[in-house]
Amino acid sequence: MTMTDNATELSADEQRVNALIDDLLENFPPADTKPMDFLGAQFDRGLAWIHFPEGHGGLGLTPKLQRLVNERVYGAGGPNAMFRNPIGHGMCGPTVVAWGSDEQKARYLRPLFTGEEVWCQLFSEPGSGSDFAGLSATGVQDGEEWICNGQKVWTTLAHLSKWGLLIVRTDPQAVKHAGLTAFVVDMQDPTVDIRPLRQMTGEAEFNEVFFSDTRIPSSEMLGKPGDGWRVSLTTLMNERVSIGGTIPQKGSGMIGELVRTWQSADPSRQNPATKDAMMSLWSRAEVARLTNIRASQNRKMGDPGPEGSIGKMASADLNKEIYELVVDLMGPDGMLYGSYEMIRPETAMGSDTPQKAFLRVRANSIEGGTSEVMRNILGERVLGLPGDVRVDRDVPWSEVPRN
């Protein structure tokens, strides 16, 4: 019996979505279909990002229905587009659909979703991390092209990427937020130099990227000159939901690993104190899961708001505490890591062992916006508290003192 056998109890939109899922699973059985082919068929049926416009991977419906798609597709063993292309799927795709031209949407979204073309995000710089709007990479117009120079850092999966979402300064005489412009850049251009940044896990999923007179056609601009800050806000709000807004099944994921570790731990560590610590973390994980469900249900439009910072901030601290207890429960085995041989991984945020996960989640309170920045966003934009003093807010970027 398919989901559509209960169609009388469902809304018209739910019936439509279920019928499309039935068709997808019938004609492209996940067990017998290559992941890329399955994802392409999913995109063509409007089941990639269900709130995107029709013809661009969506159906123009409420994002609430994406959960229905994901539950049925993943439940049937279908592939997850986030696994191969997390930055593209969670951040760049929503930005392209919000700010791109019709030609850009038609060109980029389908291969982005299938993973044929991996994307990266080129925002942070050595001198402008949390103060992202203070970046100094430049873009200078030359006819129908823009010549870009500068350095970006902490660029996840740049070594695998075909395309990058790049923000550069195109008007140094404007205040820092107003002088930015966004582009899609070809990461395989010979003027783009990608160098690995080795992490304490031994891997180099991050990179630093140098642009040396890189020419980008004007047609690859997202929005208009000076729209870069608003474009970046679209990306960043989706990034925070992508990192901290996932909705796993109850008791699964990281907290499930903690429970399994406690159950298999040496009896000397299965004491009331560790059980109490485990249950405290389990309760926090469940509260975070339910909060993310509520936030997802409250979303009327595709773009999330500043509330997405709640899940991101909460998950960062929670993830670190979960793996601290996991490693404690492992005893001396928690110190056995294996090889620190430097590799450039095929995926981001991998954690194939608890020891590796313990090290990797250290970054959760930094990547996608530090926890300190998240608190500022929540205080100012959600709670309405007075903002921080910003002495350079109304000063042209070219006149702001820098090291």
Side-chain angles (χ1 to χ4, degrees), residues 30-31 35 67 70-84 86 90 199-203 205 241-294 296 310-341 343 345-368 371:
R67 187 181 179 196
N70 294 346
E71 287 177 346
R72 290 199 59 197
V73 168
Y74 301 156
N80 187 339
M82 281 282 291
F83 181 75
R84 169 66 177 164
Q199 302 147 229
M200 64 180 175
T201 59
E203 295 184 341
E205 66 185 78
V241 171
S242 178
I243 292 174
T246 55
I247 305 173
Q249 291 184 338
K250 185 176 182 179
S252 66
M254 295 184 186
I255 197 63
E257 182 167 2
L258 172 57
V259 172
R260 291 189 295 273
T261 302
W262 188 89
Q263 291 172 337
S264 61
D266 185 279
S268 65
R269 296 187 179 88
Q270 292 178 330
N271 55 57
T274 58
K275 185 175 183 179
D276 180 72
M278 175 184 67
M279 292 310 302
S280 175
L281 291 169
W282 191 96
S283 299
R284 286 171 56 190
E286 182 62 9
V287 168
R289 190 183 75 88
L290 295 174
T291 299
N292 286 340
I293 290 175
R294 181 176 62 188
S296 176
I310 298 173
K312 196 276 177 186
M313 183 182 71
S315 68
D317 292 336
L318 178 63
N319 294 345
K320 288 192 287 187
E321 292 181 45
I322 285 174
Y323 277 105
E324 286 171 5
L325 184 53
V326 167
V327 171
D328 284 346
L329 290 169
M330 294 174 68
D333 288 346
M335 296 184 289
L336 301 177
Y337 185 74
S339 172
Y340 278 98
E341 179 183 1
I343 61 172
E346 295 291 313
T347 59
M349 295 178 281
S351 54
D352 48 331
T353 68
Q355 296 93 328
K356 182 177 178 181
F358 170 80
L359 296 177
R360 181 59 184 80
V361 297
R362 304 288 101 187
N364 288 176
S365 55
I366 304 172
E367 57 197 350
S371 293

Do the charged groups of [X] and [Y] touch, with an N to O distance under 4.0 Å?
| X | Y | result |
| --- | --- | --- |
| Arg289 | Glu286 | yes |
| Glu367 | Arg362 | no |
| Glu71 | Arg67 | yes |

Mark yes or no for whether [X], through its side chain, and [Y], through its backbone, hold a donor-acceptor pair below 3.5 Å.
| X | Y | value |
| --- | --- | --- |
| Gln270 | Gln263 | yes |
| Ser365 | Ser371 | no |
| Gln199 | Arg360 | no |
| Thr261 | Glu257 | yes |
| Lys312 | Asn364 | yes |

Kindly indicate, with the supporting measurements, whether the criterion side-chain contact (heavy atoms from CB on, under 4.5 Å) is fulfilled by Asn271 and Thr274. CA-CA 6 Å; Asn271 55 57; Thr274 58; 3.3 Å; yes
Measure the spacing between [atom1] of [X] and [atom2] of [Y] and express it to the nearest 0.5 Å.
| X | Y | atom1 | atom2 | answer |
| --- | --- | --- | --- | --- |
| Glu324 | Leu258 | CD | CG | 11.5 Å |
| Met330 | Asp266 | CE | CG | 12.5 Å |
| Ile322 | Phe358 | CD1 | CZ | 13.5 Å |

Indicate the atoms forming the closest heavy-atom contact of [X] with [Y], along with that distance.
| X | Y | value |
| --- | --- | --- |
| Arg269 | Gly331 | NH2-CA, 3.3 Å |
| Gly78 | Tyr74 | O-CD2, 3.9 Å |
| Leu359 | Met200 | O-CE, 3.2 Å |
| Ala76 | Pro30 | O-CG, 3.6 Å |
| Tyr323 | Pro354 | CD2-O, 3.9 Å |

side-chain contact (heavy atoms from CB on, under 4.5 Å) for Tyr337 and Thr201? Distances and angles first, verdict last. CA-CA 9 Å; Tyr337 185 74; Thr201 59; 3.5 Å; yes
Is the shortest side-chain heavy-atom distance between Gln355 and Met335 below 4.5 Å? no
Mind running side-chain contact (heavy atoms from CB on, under 4.5 Å) on Met278 and Leu329 for me, showing each step along the way? CA-CA 10 Å; Met278 175 184 67; Leu329 290 169; 5.9 Å; no
